[in-house]
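Each chain gets a letter, A, B and so on, in the order the sequences are listed, and its residues count up from 1. Every value quoted in this text rests on a predicted model; they were computed, and no experiment measured them.
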Protein chains: 2
Amino acid sequence: MSSILVAGSVALDTVETPHGTRKAILGGSATLFALSACRFAPVRLVSIVGKDFPAVHVEAFHRAKIDTEGLEFAAGKTFRWHGRYTPDMNDRVTVGVELNVLADYQPRVPESYRKTPYVFLANGTPAAQAAVLDRMIRPDFVCLDTMDLWIRTARTDLVRLLARVDALIINNQEAALLTGTLNLITAAKSILRMGPKAVLIKKAEHGGFLACGREIFSLPAYPTEEVVDPTGAGDAFAGGIMGHIARTGDTGAKALKQALLYGTVMGSFAVEDFGVEKLVRVKPAEIEKRVRLLRRMITL
Amino acid sequence: MSSILVAGSVALDTVETPHGTRKAILGGSATLFALSACRFAPVRLVSIVGKDFPAVHVEAFHRAKIDTEGLEFAAGKTFRWHGRYTPDMNDRVTVGVELNVLADYQPRVPESYRKTPYVFLANGTPAAQAAVLDRMIRPDFVCLDTMDLWIRTARTDLVRLLARVDALIINNQEAALLTGTLNLITAAKSILRMGPKAVLIKKAEHGGFLACGREIFSLPAYPTEEVVDPTGAGDAFAGGIMGHIARTGDTGAKALKQALLYGTVMGSFAVEDFGVEKLVRVKPAEIEKRVRLLRRMITL
């Protein structure tokens, strides 16, 4: 069982949804990814927090066996994000962002992390993502996340980075923005030509899509009864995918399809409570049960 | 190979989409259904047109081996609908509706149709749909379509009719409206409790969903390269489903899953040109090719 390195943000989030408000709860892309992936394989965390970061959250990482040697404690305040969801939760507005310690952060990959075989570059500037990748020694499988902002403002860096990674995880709007087509298959093929051997497209409540070489695969979302907080669903999804890959050591098309099942299920848990709550309390048997149901839903 | 009876509208549609405008082209729910289902089994048409209905369209029905004994030619003008799609084609406005001969239409099922084993009640008032069903003699499988208007204005009639049919085809918004829940599985279970043994939920570009007894099944949409005219996609979808069922004579859960593949594929052809154009020109081999691709897309 090989380790996964994740580089991304650790945040204190204030989240408002129709189900309530939570202030300064544990969040961030690397956090959600790590607490999802750690259910399948050991995780190493590269990120930064400020002096105000509650020790109880570091405890939560340690309880989940997440290696925090790469978590920097800097002078200043932790990155904070405040979001408010629309009543139907299909959209959100960012009420406020305080970058704080993240503002001038240069990710530092500890020496002991450099040979980690599985790497997830969570959403961030393509330049910072490339800097992390530069530090890695022959990783087996590198997966990249990105967002509309970087597609619009740092396309050249992003395209250069795409040629260096094995997989891209992206949502359907971002895929359309990156490739100029709304057609999922055309978009996926266009991304594969940019370098990655696999592209995984998230479609929120409409499931996920995988293109890997000439294989394409489509999976419905897990039918969650109630969405409480959609924040971080994509990172939990990525965590399930990378976790399954690291656990099996298999990066072939067939294994990626299985990984998409696990990603979809971990995303479904993430949205059922605020922040990381459900993700940390779900039992392994519950994960497997949802994977079985999802598999049954696509069995002819 | 048993016959299918469809009762619904035959129309002359004026359609405006970003791809162009077509005036008074052949349309209507029964038309689209019939021209889709006839690819798999003989179809009998129960509908009405006016004296202005072009003979060339009757010819098109006959060329497709559609039995038009149940097609009434009345004094007056054919039902006309005029719709305009939004640029992204996810929504449309009805520019005009002329009910004409449809206004006081009481569907007449010819004596020779009364023992047709497969029945599709295309969208219409639940009262008119029930009147058609009243005329049928022990059909094997009755499938019902409906719309938001009847759910809002004729719920009692609709619920009473639901207890008399084998399957309901509905889109996801209508399912939510009928059951009061946005959750697909909860909605489907609630509909099954109303009577049907199967419910098929259309999710447009996000595919289809089937609940049959305790089985649930989800299928992505066929990834069409270009949507030219979405009108009638749902009826072509229903046509593929009923066509496959009539062809095989099997109404079990496994057969319904296969039928959903055919429905999804027929819907994908319908939207690729205006009106019935693509539906009538597609070759059997092309249908099977898309079914194979769709099947591959859900194969783990």
Side-chain angles (χ1 to χ4, degrees), chain A residues 18 87-90 172-173 175-176 181-189 201 203-212 214-227 244 252-262 264 268 271-272 290-300, chain B residues 18 87-90 172-173 175-176 181-189 201 203-212 214-227 244 252-262 264 268 271-272 290-300:
Chain A
D88 67 359
M89 285 197 272
N90 281 328
N172 48 339
Q173 289 104 341
T181 173
L182 279 166
N183 183 279
L184 217 57
I185 291 196
T186 313
K189 283 180 182 166
I201 300 179
K203 297 187 294 170
E205 77 269 35
H206 301 297
F209 176 83
L210 162 76
C212 180
R214 296 188 56 190
E215 294 269 343
I216 54 173
F217 179 66
S218 185
L219 193 66
Y222 182 87
T224 38
E225 293 283 330
E226 192 169 61
V227 175
H244 182 76
K254 218 176 152 69
L256 292 185
K257 291 179 187 179
Q258 300 283 350
L260 188 60
L261 281 170
Y262 281 91
T264 299
S268 78
V271 302
E272 289 180 0
R290 288 200 176 182
V291 168
R292 277 198 305 277
L293 179 63
L294 202 52
R295 199 189 301 264
R296 237 184 62 203
M297 280 180 66
I298 57 164
T299 303
L300 272 168
Chain B
D88 67 1
M89 283 196 274
N90 280 329
N172 50 338
Q173 289 105 340
T181 172
L182 280 166
N183 184 279
L184 218 57
I185 292 196
T186 312
K189 284 181 182 166
I201 300 179
K203 297 186 295 170
E205 76 268 35
H206 301 298
F209 176 82
L210 163 75
C212 180
R214 296 189 56 189
E215 294 270 340
I216 53 173
F217 178 66
S218 185
L219 193 67
Y222 182 87
T224 38
E225 294 283 331
E226 191 168 62
V227 176
H244 181 76
K254 217 176 153 71
L256 292 185
K257 291 179 187 179
Q258 300 282 348
L260 188 60
L261 282 169
Y262 281 91
T264 300
S268 79
V271 302
E272 289 180 1
R290 287 202 176 181
V291 167
R292 277 198 305 278
L293 179 64
L294 202 52
R295 200 189 301 265
R296 239 184 61 204
M297 280 179 65
I298 58 163
T299 303
L300 271 168

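When heavy atoms are compared at a cutoff of 4.5 Å, B:T224 approaches chain A solely by way of its backbone atoms N, CA, C and O.
Residues A:M297 and B:F209 have side chains in contact (heavy-atom distance under 4.5 Å, counting atoms from C-beta outward). Considering only heavy atoms from C-beta on, B:I216 comes within 4.5 Å of A:L293 through its side chain. Between A:L300 and B:L261, some side-chain heavy-atom pair lies under the 4.5 Å cut-off.
Taking NZ from A:K257 and OG1 from B:T299, the interatomic distance works out to 6.5 Å, rounded to the nearest 0.5 Å.
A:R296 and B:R214 get closest at one heavy-atom pair: NH2-O, 3.2 Å. What you find for B:P223 and A:I185 is that their closest heavy atoms are CG-CD1, 3.0 Å. Contact between B:I298 and A:S218 at its shortest, heavy atoms only, is CG2-O, 4.0 Å.
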